[in-house]
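Worksheet: one structure, shown below.
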Amino acid sequence: MTKSSRRALISILVAVPALGLSACGTEDVKVAQNDPNYRGAELFHARCGACHSLDVAGTQGSATNVRTRENKDGPNFNQRKEDVQDVLYAIRNGGFSTGPMPQDILVGQDAEQVAKFVAKYSGKQADEATQGQQGGPTQTNSGG
């Protein structure tokens, strides 16, 4: 076997397990491609999903057990509702605390798209729990 063919074989042997690991525990984005928030979902999946959970983005980065929590585990956005300005603040400043989130993990239009996506889809489990405790959605009187 020549030196170059050994290098090629080693490259393949290293790359194949790495591909398998990168796919482990991930799901696809569940936002329709024609949804205006689709690009934000893709960016969130790629840049935020290792530390944050959000089902619609196919990510499970948040801790589910306090005893196994790691420093990198960010808030679970299935349960925590966010608005656009708070998400932009966290992106620009590296979160709201001294955690490991890097500052400016996204910038410009990419940051805006992720902020709009998170604002629209975050907190869905919290909304469901609140509605269940109140006996369902509240009714409003549209008269007068």
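- Considering CG of Asn78 and CG of Asp55, their distance stands at 4.0 Å, rounded to 0.5 Å.
- Every salt bridge (Lys or Arg N to Asp or Glu O under 4.0 Å) that Lys30 has, sequence neighbours left out, goes to Glu27.
- For Tyr89, the ring-ring contact (aromatic ring centres under 6.0 Å, His included) partners are Phe96, not counting sequence neighbours.
- Annotation: side-chain hydrogen bond (donor to acceptor under 3.5 Å, both in side chains) contacts of Asn37 (sequence neighbours excluded): Asp35.
- Considering every non-hydrogen atom in both Lys124 and Lys120, the closest pair reads NZ-O, 3.4 Å.
- Looking at every heavy atom in both residues, Ala41 comes nearest to Ala57 through O-CB, 4.3 Å.
- Other residues sharing a hydrophobic cluster with Leu88 under the 4.5 Å side-chain heavy-atom criterion for ILVMFWY residues are Val84.
- Listed by first then second residue, pairs satisfying salt bridge (charged side-chain N to carboxylate O under 4.0 Å, His left out) with a partner in residues 76-91 read Arg80-Glu82, not counting sequence neighbours.
- Nearest heavy atoms, Ser62 versus Gly74: OG-O, 2.9 Å.
- For Glu42, the side-chain hydrogen bond (donor to acceptor under 3.5 Å, both in side chains) test picks out Tyr38, with sequence neighbours left out.
- A donor-acceptor pair is defined here as one N or O able to donate and one able to accept, closer than 3.5 Å; such a pair exists between the side chain of Ser53 and the backbone of Gly61.
- Atoms CD1 and CZ, from Ile105 and Arg92 in turn, are 14.5 Å apart once rounded to the nearest 0.5 Å.
- Screening residues 100-113 for side-chain hydrogen bond (donor to acceptor under 3.5 Å, both in side chains), with sequence neighbours left out, gives no hits.
- The ring-ring contact (aromatic ring centres under 6.0 Å, His included) test applied to Phe117 returns Phe44, Tyr121, not counting sequence neighbours.
- Not a single side-chain hydrogen bond (donor to acceptor under 3.5 Å, both in side chains) links Ser122 to another residue, sequence neighbours left out.
- Counting heavy atoms from C-beta outward, Met101 and Cys51 have side chains that stay 4.5 Å or more apart.
- For Arg47, there are no salt bridge (Lys or Arg N to Asp or Glu O under 4.0 Å) partners at least two apart in sequence or on another chain.
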